[in-house]
Amino acid sequence: MIENILQKSATECVEALYGQHVAKQMIQIQKTRPEFEGDLTLVVFPLLRMSKKAPEATAQEMGEWMLANVEEIAGFNVIKGFLNFNISENYWLAFFSENKGKLGYGLKDTKDSQPIVVEYSSPNTNKPLHLGHIRNNLLGWSVAELLKANGKDVKKVNLVNDRGIHICKSMLAWQKWGEGINPASSGLKGDKLVGDYYVKFDKEYKAEIETLIEQGQDRKSAEQQAPLLQEAKTMLRKWEDGDAEVRKLWENMNQWVYDGFDVTYNRMGIDFDKIYHESETYLLGKSLVKEGLEKAVFFRKDDGSVWCDLSGDGLDEKILLRADGTSVYMTQDLGTAQLRYDDFKPSDLVYVVGNEQNYHFEVLELILTKLGKSWAENIHHLSYGMVELPHGKMKSREGTVVDADDLMDEMYQTAKKTTEALGKFDDFTDEESHQLYQMLSLGALKYFILKVDPKKNMTFNPQESIDFNGNTGPFIQYTHARIRSIIRKANEMGLTFSDSLTYPAKLEKKEKSLIKLLYDFPQIVDQAAEAYSPALIANFAFDLAKEYNQFYHEHIILKETNTASRDFRLGLSLFTANTIQSAMGILGIQVPERM
RNA sequence: GGACCCGUAGCAUAAUUGGAUAGUGCACCUGACUACGGAUCAGGAGGUUGCAGGUUCGAGUCCUGCCGGGUUCACCA
């Protein structure tokens with residue numbers, strides 16, 4: 001890599017000129033900003049201590065030495081403390097001819113190493129998926145692909161939260177008011193149906209509370225003692241005791257939800273290597289709690305509940321078992337973490353979970369450490385920001401929750417309308433059109449969400465998300481389709497450019513900047529994987545598409561009379577299209593041949 | 001109240017992790033197809049990076065204090 005070459009030779013240069021050894025961190029090589037001449041820049045400010053000269057003089061001296069001693073350097077200029085190098089065209093062309101034909105350019109092969117486990121999605125089986133889940137699913141899936149692209153062995157894992165008081169609530173409501181309704185009889189998607197009864201429970205529960213308050217109870221005890229909640233709690237205890245009737249109902253209703261989720265997952269293109277269910281793992285959590293009690297890491301209160309005292313770590317006490325002996329969220333998560341470690345012996349455990357659970361994961365790591373699990377330090381909470389709507393947060397009570405299925409439907413309709421309005425492909429069959437609309441609508445949605453830094457909260461503006469112009473998925477898909485169109489025409493003309501080894505005498509500006517962008521791709525993959533950030537890949541894909549479109553408008557390709565230039569540009573076009581395809585692939589976005 | 005996170009143009013977002021004159025898109029205005037796809041491209045306008053200090057050759061980025069917003073500290077998950 002040219003950056004390494006420059007860094008190494010800069011070190012040698014400092015030794016030769018100033019007789020001093022420099023630490024690697026002091027040699028800062030970065031891309032030259034476009035408004036200046038050059039390809040790469042050495043920042044000399046940190047080296048002034050050694051040269052004991054002014055910035056300009058130091059840069060000038062070093063530039064001369066490096067020009068004389070480094071073959072790849074074709075020239076340099078100095079602006080203040082910035083030493084800008086021109087890299088020889090031969091270097092860029094050598095890179096180009098070596099890599100243009102590689103189909104998986106920028107993607108590393110999987111090495112034999114410990115796997116990385118990525119947990120994401122992790123839905124509750126009491127309500128359908130919404131916009132927040134969409135960000136989680138897209139992010140988790142893409143991060144997993146990103147790590148794979150960076151040569152890691154990755155296991156995608158889903159932990160389905162299929163038991164607990166919240167599940168009992170929808171079960172209870174269905175039992176009371178459902179009158180035997182099911183997805184087949186109602187025509188409702190299973191997850192939607194169950195979600196409706198969860199809402200029903202909440203409504204009836206609230207009504208009970210109000211009644212109790214009118215009868216003179218205070219709010220807090222009313223909330224505790226409302227008969228519906230008591231019934232739900234009873235049901236949860238029965239469930240934990242293995243009551244046959246409750247279990248049967250539970251299995252049925254969960255199956256409805258799974259069938260519904262599968263439809264949504266399939267459409268989104270989301271998949272998993274392994275699915276855990278908390279109903280199968282929560283007991284392991286309980287045994288860990290027992291272990292912690294024996295080790296005196298935890299303690300029991302008079303009412304029988306079990307706690308971990310974290311006040312020594314600046315946190316509060318954390319409950320691990322309720323007084324009635326049932327487990328809580330943390331109990332289960334301790335168990336599933338242990339199980340996952342035992343299953344895979346992973347080098348890293350990545351949890352894709354929203355930032356409202358930062359505290360939870362801090363506590364989880366801490367408790368596991370206290371239990372003597374040294375692998376707890378390999379837990380990474382990929383804490384992503386919330387998705388907000390232009391008017392504020394999503395609130396189910398106010399009906400502002402954006403349903404995942406509905407959103408995809410809307411995007412699909414927009415893709416259809418937009419394509420039909422342009423009227424380009426009346427020759428497509430219905431199936432081809434459907435495929436295209438699906439590709440474009442999902443491309444728009446995925447790109448819109450993934451282009452934002454995962455850590456940051458984002459605003460989801462339905463209007464903008466379905467826009468197909470500017471910094472959007474369809475813009476990049478369009479660029480890809482446009483290139484493929486050119487390649488098709490070249491093939492029809494019988495041009496055999498892909499083997500061509502002749503190059504134009506001098507690179508045009510846009511040709512060179514395209515090559516340099518392509519050159520960056522492997523490093524971007526590296527950085528993005530390091531940061532768990534598909535956003536960096538998305539930004540790269542956009543930059544590349546934009547750069548190509550500029551190149552395309554400035555230079556003719558197929559009708560170029562200089563055949564060396566023509567073939568070179570065709571090769572560059574194909575290389576670009578393949579790289580766009582790879583980058584978008586990491587985001588889970590397919591790119592069409594025509595659109 | 002304690003802990004943590006976030007404030008960049010009307011809106012949405014970048015910034016090579018401390019580097020040069022803070023980029024890009026949407027919206028707004030002006031232009032470009034009898035050359036390969038106009039879902040494109042070129043140009044214009046829009047900024048005291050919440051405020052005030054500090055650290056240094058250099059701060060959107062690090063430190064301190066304010067202002068504004070959010071999350072969390074549940075026998076919810």
Side-chain angles (χ1 to χ4, degrees), chain A residues 3 28-36 41 43 45-46 48 55 79-82 84 122 124 126 161 164-167 169 224 233 278 301 303-307 314-324 326-330 332-333 354-360 362-363 383 385-386 388 390 393 418-419 421-422 424 440 448 451-453 455-461 463-465 467-472 474-475 477-479 481-486 489-490 493 520 523-524 527 531 535-536 539 542-543 545-546 549-550 552-560 569-570 573 594-595:
Chain A
E3 284 88 346
Q28 295 178 30
I29 305 287
Q30 55 194 248
K31 272 180 241 162
T32 305
R33 300 193 63 131
E35 60 267 34
F36 300 102
T41 295
V43 185
F45 289 110
L48 301 183
I79 295 172
K80 294 193 279 182
F82 298 92
N84 303 321
S122 305
N124 294 343
N126 64 341
N161 189 254
I165 188 76
H166 53 298
I167 310 291
K169 288 177 181 174
Q224 296 286 331
K233 283 184 166 178
E278 280 193 359
K301 287 194 177 175
D303 64 1
S305 56
V306 177
W307 298 73
L315 304 175
D316 301 321
E317 292 181 345
K318 185 73 193 176
I319 186 158
L320 296 172
L321 280 184
R322 295 189 185 98
D324 65 4
T326 55
S327 62
V328 294
Y329 181 41
M330 183 59 74
Q332 293 156 186
D333 249 17
N355 63 9
E356 72 268 15
Q357 293 194 32
N358 285 354
Y359 181 77
H360 173 78
E362 196 182 339
V363 172
S383 159
M386 326 199 61
E388 285 167 17
K393 292 185 61 176
T418 308
T419 306
L422 290 168
K424 288 183 185 175
L440 294 179
F448 187 85
K451 74 175 175 182
V452 181
D453 183 339
K455 285 180 304 212
K456 295 195 176 177
N457 288 359
M458 66 175 291
T459 309
F460 186 86
N461 186 327
Q463 297 303 319
E464 283 178 25
S465 68
D467 199 339
F468 288 0
N469 303 314
N471 189 355
T472 65
F475 168 87
Q477 289 169 316
Y478 172 78
T479 307
R482 170 191 251 176
I483 298 176
R484 294 293 176 200
S485 165
I486 295 168
K489 289 216 166 68
M493 289 162 68
D520 285 341
Q523 297 174 70
I524 301 282
Q527 278 173 28
L536 298 178
N539 287 332
F542 174 67
D543 288 342
K546 196 172 160 56
N549 283 329
Q550 291 171 0
Y552 171 89
H553 273 269
E554 268 184 45
H555 302 290
I556 48 172
I557 301 174
L558 285 171
K559 297 190 179 166
E560 170 63 55
R569 285 172 193 166
L570 282 168
S573 297
R594 301 171 65 196
M595 66 182 271

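So that the names make sense, note that chain A is the first sequence line, chain B the second, and so on, each numbered from 1.
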Considering only [options], which nucleotide approaches the side chain of [X] most closely?
X	options	result
A:K489	B:C36, B:U13, B:C41	B:C36
A:F542	B:A14, B:U24, B:G38	B:U24
A:Q332	B:A77, B:A12, B:A20	B:A77
A:F45	B:A14, B:U40, B:G19	B:G19
A:F475	B:A42, B:U40, B:G37	B:U40
A:V452	B:G19, B:U13, B:G37	B:U13
A:I319	B:A74, B:A77, B:U40	B:A74

If we require ring centres under 5.5 Å and near-parallel planes under 30°, does [X] stack on [N]?
X	N	result
A:Y478	B:G37	no
A:Y359	B:C4	no
A:F82	B:A20	yes

Q) So which one's nearest nucleotide on RNA chain B is more toward 5', A:K169 or A:P46? A)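 Mapping each residue to its closest nucleotide by heavy atoms, the 5'-most match is A:P46.
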Q) Of A:E35 and A:I165, whose nearest nucleotide on RNA chain B comes first from the 5' end? A)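 Per heavy-atom nearest nucleotide, the more 5' residue is A:E35.
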Q. Would you say A:K31 has more than 12 foreign heavy atoms packed within less than 6.0 Å of its NZ?
A.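 Not more than 12 within 6.0 Å, no.
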Answer yes or no: does a side-chain N or O of [X] lie under 4.0 Å from OP1 or OP2 of [N]?
X	N	result
A:R33	B:A15	no
A:N469	B:U40	yes
A:R322	B:C76	yes
A:K546	B:G25	yes
A:K31	B:A20	no

[N] versus [M] - spacing of their [atom1] atoms, nearest Å:
N	M	atom1	result
B:C6	B:C51	C1'	16 Å
B:C67	B:G53	C1'	15 Å
B:A14	B:U49	C1'	13 Å
B:A27	B:U40	P	10 Å
B:U16	B:G7	P	14 Å
B:U8	B:G68	C1'	15 Å

Q) Going by modelled atom types, is there a donor-acceptor pair between the base of B:A20 and the side chain of A:T41 at under 3.5 Å? A)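 Indeed, a donor on one side and an acceptor on the other fall under 3.5 Å apart.
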Q: May I ask you to verify whether the side chain of A:D467 and the base of B:A27 hold a donor-acceptor pair under 3.5 Å?
A: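 Answer no: no donor N or O sits under 3.5 Å from an acceptor.
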Q) Any chance the side chains of A:T459 and A:N461 put a donor and an acceptor closer than 3.5 Å? A)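 No.
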Q. Strictly by modelled atom types, are A:T472 and A:D467 linked by a side-chain donor-acceptor pair under 3.5 Å?
A.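 On atom types as modelled, these side chains do not qualify, holding no pair under 3.5 Å.
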Q. Taking syn as any angle within 90 degrees of 0 and anti as the rest, which one fits B:U17?
A.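 Because its glycosidic torsion lies within 90° of 0, B:U17 adopts the syn conformation.
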(Q) When you compare the side chain of A:H555 with that of A:E560, does any pair of heavy atoms fall below 4.5 Å? (A)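 A:E560 does not reach A:H555 side chain to side chain.
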Q) Is there a side-chain contact between A:V43 and A:F82, using heavy atoms and a 4.5 Å cut-off? A)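 Heavy-atom side-chain distance check passes, below 4.5 Å.
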Distance, rounded to the nearest Å, where [X] contributes [atom1] and [N] contributes [atom2]:
X	N	atom1	atom2	result
A:H553	B:C36	NE2	C1'	11 Å
A:H166	B:C76	NE2	C1'	9 Å
A:E362	B:U72	CD	C1'	10 Å

Give me the distances for all protein-to-nucleotides 69-71 of chain B N/O pairs that come in under 3.5 Å?
unit_1: B:U71; atom_1: OP1; unit_2: A:K393; atom_2: NZ; d: 3.0

Q: Toss me the dot-bracket line for RNA chain B: Watson-Crick and G-U wobble, both under 3.5 Å, 5' to 3', using | for pairs to another strand and [ ] for crossers.
A: (((((((..((((.....[...)))).(((((.......))))).....(((((..]....))))))))))))....
